[in-house]
Participant: 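Can you keep this structure in mind? I'll have questions shortly.
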Amino acid sequence: QVQLVESGGGLVQAGGSLRLSCAASGRTISTRNMGWFRQAPGQEREFVAVIRWNGGGTRYADPVKGRFTISRDNAKNTVYLEMNSLKPEDTAVYYCAAHRTPFSVVLATAAYEYDYWGQGTQVTVSS
């Protein structure tokens, strides 16, 4: 089992920045692609970003390209999401997730591809 705990969320003004962290315990996540998703009130959970298990590739949703950066430190069993130029539409609960298949070559964007999830951290961007 892998336990994931997100942190770093909060209230920020539009144009500001936040850095989310996702700390894993129980088992290493160094063999798994890791994703970030978000869910706004009344909306479905949506893909934000994913990083390959060895850090050798990333993929972003169009709305966050050029503003968000996903990274990982496998020695610390932690994944990060640096969020810059935040907009009110970025307001959501942000979740990290571990892909269901170790060493996957696919940078998956569908939530069903991930089988371990954190509890989420709230990000609120005021206008």
Side-chain angles (χ1 to χ4, degrees):
Q1 289 287 335
V2 174
Q3 291 81 41
L4 301 173
V5 178
E6 302 94 338
S7 62
L11 174 63
V12 63
Q13 288 189 332
S17 299
L18 283 174
R19 188 193 196 203
L20 305 184
S21 298
C22 171
S25 61
R27 294 176 66 177
T28 181
I29 58 170
S30 64
T31 62
R32 295 182 182 247
N33 298 351
M34 295 295 295
W36 283 97
F37 291 76
R38 67 186 182 185
Q39 188 167 18
Q43 298 186 22
E44 293 187 355
R45 191 168 299 189
E46 66 174 1
F47 166 76
V48 174
V50 58
I51 187 167
R52 185 160 280 123
W53 59 273
N54 60 359
T58 58
R59 186 175 181 181
Y60 297 91
D62 286 344
V64 308
K65 280 181 182 177
R67 300 188 298 121
F68 290 13
T69 303
I70 188 171
S71 62
R72 66 190 300 159
D73 185 338
N74 284 343
K76 295 182 178 179
N77 228 19
T78 301
V79 180
Y80 305 97
L81 185 69
E82 184 77 32
M83 305 186 296
N84 298 314
S85 302
L86 282 162
K87 305 175 180 180
E89 51 263 44
D90 294 318
T91 295
V93 177
Y94 283 71
Y95 300 89
C96 68
H99 193 268
R100 62 187 179 184
T101 305
F103 307 112
S104 175
V105 298
V106 178
L107 294 173
T109 63
Y112 71 83
E113 296 271 4
Y114 296 79
D115 57 2
Y116 294 109
W117 292 83
Q119 83 292 344
T121 185
Q122 176 70 47
V123 171
T124 303
V125 184
S126 63
S127 58

Participant: Using every non-hydrogen atom in the two residues, find where Q39 and Q43 come nearest and quote the distance to one decimal.
Facilitator: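 For Q39 versus Q43, the nearest heavy atoms are NE2-O, 3.1 Å.
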Participant: Before giving the answer on side chain to side chain contact (heavy atoms under 4.5 Å, CB included), spell out for D115 and R32 the whole-Å C-alpha distance, their side-chain angles and the decisive distance to 0.1 Å.
Facilitator: CA-CA 11 Å; D115 57 2; R32 295 182 182 247; 3.5 Å; yes
Participant: Establish whether W36 and V12 are linked, either directly or via other cluster members, by ILVMFWY side-chain heavy-atom contacts under 4.5 Å.
Facilitator: yes
Participant: What closest approach, in Å, do H99 and T101 show between heavy atoms, and which atom pair accounts for it?
Facilitator: ND1-N, 3.0 Å
Participant: Quick check for you: to the nearest 0.5 Å, what is the distance between Y94 atom OH and E6 atom CD?
Facilitator: 12.5 Å
Participant: Who pairs with N77 by side chain to side chain contact (heavy atoms under 4.5 Å, CB included), at least two apart in sequence or on another chain?
Facilitator: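 Only A24, T28, I29 meet the side chain to side chain contact (heavy atoms under 4.5 Å, CB included) criterion with N77.
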Participant: How is the hydrophobic cluster of Y80 composed, in terms of its other members, when Ile, Leu, Val, Met, Phe, Trp and Tyr link through side-chain heavy atoms under 4.5 Å apart, directly or indirectly?
Facilitator: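 Besides Y80, the cluster holds no residue at all.
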Participant: Could you please spell out the steps behind the side chain to side chain contact (heavy atoms under 4.5 Å, CB included) verdict for F47 and E113?
Facilitator: CA-CA 11 Å; F47 166 76; E113 296 271 4; over 6 Å; no
Participant: If you draw a 6.0 Å radius around CZ in R100, do more than 12 non-hydrogen atoms from other residues or ligands fall strictly inside?
Facilitator: yes
Participant: Do Y116 and F37 land in one hydrophobic cluster if side-chain heavy atoms of ILVMFWY residues count as linked below 4.5 Å?
Facilitator: no
Participant: For the pair Q122 and L11, evaluate side chain to side chain contact (heavy atoms under 4.5 Å, CB included) and give the outcome as yes or no after the intermediate values.
Facilitator: CA-CA 8 Å; Q122 176 70 47; L11 174 63; over 6 Å; no
Participant: Please check: side-chain N/O of Q13 versus main-chain N/O of S126, any donor-acceptor pairing under 3.5 Å?
Facilitator: no
Participant: Under a 4.5 Å side-chain heavy-atom rule over Ile, Leu, Val, Met, Phe, Trp and Tyr, are L20 and V2 clustered together?
Facilitator: yes
Participant: In terms of hydrophobic clusters joined by side-chain contacts under 4.5 Å, are V93 and Y114 together?
Facilitator: yes
Participant: Please step through salt bridge (charged side-chain N to carboxylate O under 4.0 Å, His left out) for the pair K65 and D62, ending with a clear verdict.
Facilitator: CA-CA 5 Å; K65 280 181 182 177; D62 286 344; 3.0 Å; yes
Participant: When rounded to the nearest 0.5 angstrom, what distance separates CZ in R38 from CD in E89?
Facilitator: 8.0 Å
Participant: Ignoring hydrogens, what is the shortest heavy-atom contact between L107 and N33? Give both atom names and the distance.
Facilitator: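 Heavy-atom minimum between the residues: CD2-ND2, 4.0 Å.
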Participant: Would you confirm whether R72, through its side chain, and N54, through its main-chain N or O, come within 3.5 Å as a donor-acceptor pair?
Facilitator: no
Participant: Mind jotting down which residue pairs meet the disulfide (SG to SG under 2.5 Å) criterion with at least one end in residues 36-100? Sequence neighbours excluded, please.
Facilitator: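 Residue pairs with at least one partner in residues 36-100: C22-C96.
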Participant: Quick one: does N74's side chain have a donor or acceptor within less than 3.5 Å of a partner on W53's backbone?
Facilitator: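 Side chain of N74 to backbone of W53, a donor-acceptor pair under 3.5 Å: yes, one is there.
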Participant: Once rounded to the nearest 0.5 Å, what's the spacing between atom CG of L4 and atom CD of Q119?
Facilitator: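 Taking CG in L4 and CD in Q119, the distance rounds to 9.0 Å.
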Participant: What closest approach, in Å, do T121 and G8 show between heavy atoms, and which atom pair accounts for it?
Facilitator: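 Scanning both residues completely, I find the closest heavy atoms to be OG1-N, 4.3 Å.
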Participant: Between Y60 and T58, which heavy-atom pair has the shortest distance, and what is it?
Facilitator: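 Scanning both residues, the minimum pair turns out to be CE1-OG1, 3.5 Å.
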Participant: Could you tell me the separation between the NZ atom of K76 and the OG atom of S30, rounded to the nearest 0.5 Å?
Facilitator: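 That separation rounds to 15.5 Å.
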Participant: Looking only at heavy atoms, which two atoms of S127 and A14 are closest? And how far apart?
Facilitator: CA-CB, 4.4 Å
Participant: Are M34 and V50 in one and the same hydrophobic cluster, where Ile, Leu, Val, Met, Phe, Trp and Tyr link if side-chain heavy atoms are under 4.5 Å apart?
Facilitator: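 Result: no, two separate clusters.
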Participant: Working to the nearest 0.5 Å, report the span between CD1 of I51 and CZ of R59.
Facilitator: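 The CZ atom of R59 is 14.5 Å from CD1 of I51, to the nearest 0.5 Å.
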Participant: Determine, step by step, whether M83 and V123 satisfy the side chain to side chain contact (heavy atoms under 4.5 Å, CB included) criterion, reporting the C-alpha distance in whole Å, the side-chain angles of both residues, the deciding distance to 0.1 Å, and the verdict.
Facilitator: CA-CA 10 Å; M83 305 186 296; V123 171; 3.9 Å; yes
